[in-house]
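Note that this is a predicted model, so its numbers are computed, not measured. Every number for a ligand or one of its atoms is a count from 1 in the order of the listing.
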Amino acid sequence: MAKKHVKVAVGVIIQNRNIFVSKRSEHQHQGGLWEFPGGKVEAGESVTDALNRELKEEVNIDVHSSDAFMIIEHDYGDKHVCLDIHLVNDFSGEPKGLEGQPCKWVSIEQLHELAFPTANLEIVAKLQAEF
Ligand SMILES: Nc1nc2c([nH]c(=O)n2[C@@H]2O[C@H](COP(=O)(O)OP(=O)(O)OP(=O)(O)O)[C@@H](O)[C@H]2O)c(=O)[nH]1
Ligand SMILES: [Mg+2]
């Protein structure tokens, strides 16, 4: 069977130099690790639409605008992901985990202390270099 290949809209939610992260549940791919909220882009959907939809579903915010930050292709062996990462600094609502996932704000300086999926290490490095 061909390897699963997924396109993912990922939101780095920033407010006052803090970033909102959530924890993937144990049964998910890369379970137990921290992530930036987001999810798979559905057929016929734009990345921006997917981002806005996923951030509403997962953390209950309304995104007003977002900026493309970086794209990462990563092969986990069991799955190939293309992460389309956007900075989200214009939104309304207070983010909270709607799916029972632990969530928290973490400062950009402390971001590297959290356990993230391997693909995210580049995101953390770029955030710490640029902010
Ligand atoms: N949301 C998100 N997914 C990430 C990140 N880093 C990373 O490698 N991924 C990978 O991207 C893939 C898709 O993300 P997802 O599981 O959130 O997709 P989804 O919300 O549509 O989930 P579902 O399959 O439970 O409906 C997963 O394989 C996940 O391991 C990240 O920072 N945020
Ligand atoms: Mg998700």
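- Taking 2.8 Å as the criterion, Lys40 does not count as a coordinating residue of the Mg ion (ligand 2), since none of its N, O or S atoms falls below it.
- Of all protein heavy atoms, the one lying nearest to atom 9 (N) of ligand 1 is Leu83 CD2, 3.9 Å.
- Within Glu58, the N/O/S atom positioned nearest the Mg ion (ligand 2) carries the name OE2.
- The Glu58 neighbourhood of ligand 1 comprises atoms 20 (O), with distances under 4.0 Å to a heavy atom of that residue.
- Close contacts between ligand 1 and Gly38 involve ligand atoms 1 (N), 17 (O), 20 (O) [criterion: under 4.0 Å to a heavy atom].
- When hydrogens are left out, the protein atom nearest atom 11 (O) of ligand 1 is Val8 CG2, 3.5 Å; that is the closest non-hydrogen contact.
- The protein heavy atom nearest to atom 25 (O) of ligand 1 is Gln28 NE2, 3.8 Å.
- Counting protein heavy atoms only, atom 24 (O) of ligand 1 is closest to Lys40 NZ, 2.3 Å.
- If you take CD on Glu130 and CG on Leu87, they are separated by 8.5 Å, rounding to the nearest 0.5 Å.
- Side-chain atoms of His74 and Thr118 form no donor-acceptor pair, as typed in the model, at a separation below 3.5 Å.
- Looking only at protein heavy atoms, the nearest one to atom 16 (O) of ligand 1 is Arg24 NH2, 2.7 Å.
- Note that the NZ atom of Lys126 and the CD1 atom of Ile85 stand 9.5 Å from one another [nearest 0.5 Å].
- Where the criterion is an N or O separation shorter than 3.5 Å, residue side chain and backbone included, Val6 fails it with respect to ligand 1.
- In the hydrophobic clustering of this structure, Val41 does not group with Val8; members are Ile, Leu, Val, Met, Phe, Trp, Tyr whose side-chain heavy atoms approach within less than 4.5 Å, directly or through other members.
- Lys96 pairs in a side chain to side chain contact (heavy atoms under 4.5 Å, CB included) with only one of the listed residues (Asn60, Ile61, Val59), which is Asn60.
- A donor-acceptor distance shorter than 3.5 angstrom exists from the side chain of Arg24 to the backbone of His29, with no hydrogens or angles considered.
- Protein heavy atom in closest approach to atom 8 (O) of ligand 1: Tyr76 OH, 2.5 Å.
- Against a heavy-atom cut-off of under 4.0 Å, Lys79 is close to the following atoms of ligand 1: 27 (C), 28 (O).
- Residue Glu35 touches ligand 1 through backbone and side chain together, judged by heavy-atom distances below 4.0 Å.
- Against a heavy-atom cut-off of under 4.0 Å, His29 is close to the following atoms of ligand 1: 27 (C), 28 (O), 29 (C), 30 (O).
- Residue Lys56 holds its NZ atom at 4.0 Å from CG of Asp62, rounded to the nearest 0.5 Å.
- Taking 4.0 Å as the cut-off between side-chain N and carboxylate O, Lys40 and Glu54 do not count as a salt-bridged pair.
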| said: The test is salt bridge (charged side-chain N to carboxylate O under 4.0 Å, His left out); show your working for Asp78 and Lys3 and say whether it passes. | reply: CA-CA 7 Å; Asp78 56 342; Lys3 186 178 290 185; over 6 Å; no
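- When hydrophobic clusters are built by joining Ile, Leu, Val, Met, Phe, Trp and Tyr residues whose side-chain heavy atoms come closer than 4.5 Å, directly or via intermediates, Val21 is grouped together with Ile72.
- The protein heavy atom nearest to atom 19 (P) of ligand 1 is Gly39 CA, 3.6 Å.
- Scanning all protein heavy atoms for the shortest distance to atom 5 (C) of ligand 1 gives Asn120 OD1, 3.7 Å.
- For the pair Phe36 and ligand 1, the shortest N or O to N or O distance falls below 3.5 Å.
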| task | Kindly indicate, with the supporting measurements, whether the criterion ring-ring contact (aromatic ring centres under 6.0 Å, His included) is fulfilled by Phe36 and Phe20. | result | CA-CA 7 Å; Phe36 303 108; Phe20 192 77; over 10 Å; no
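- The Gln30 neighbourhood of ligand 1 comprises atoms 30 (O), with distances under 4.0 Å to a heavy atom of that residue.
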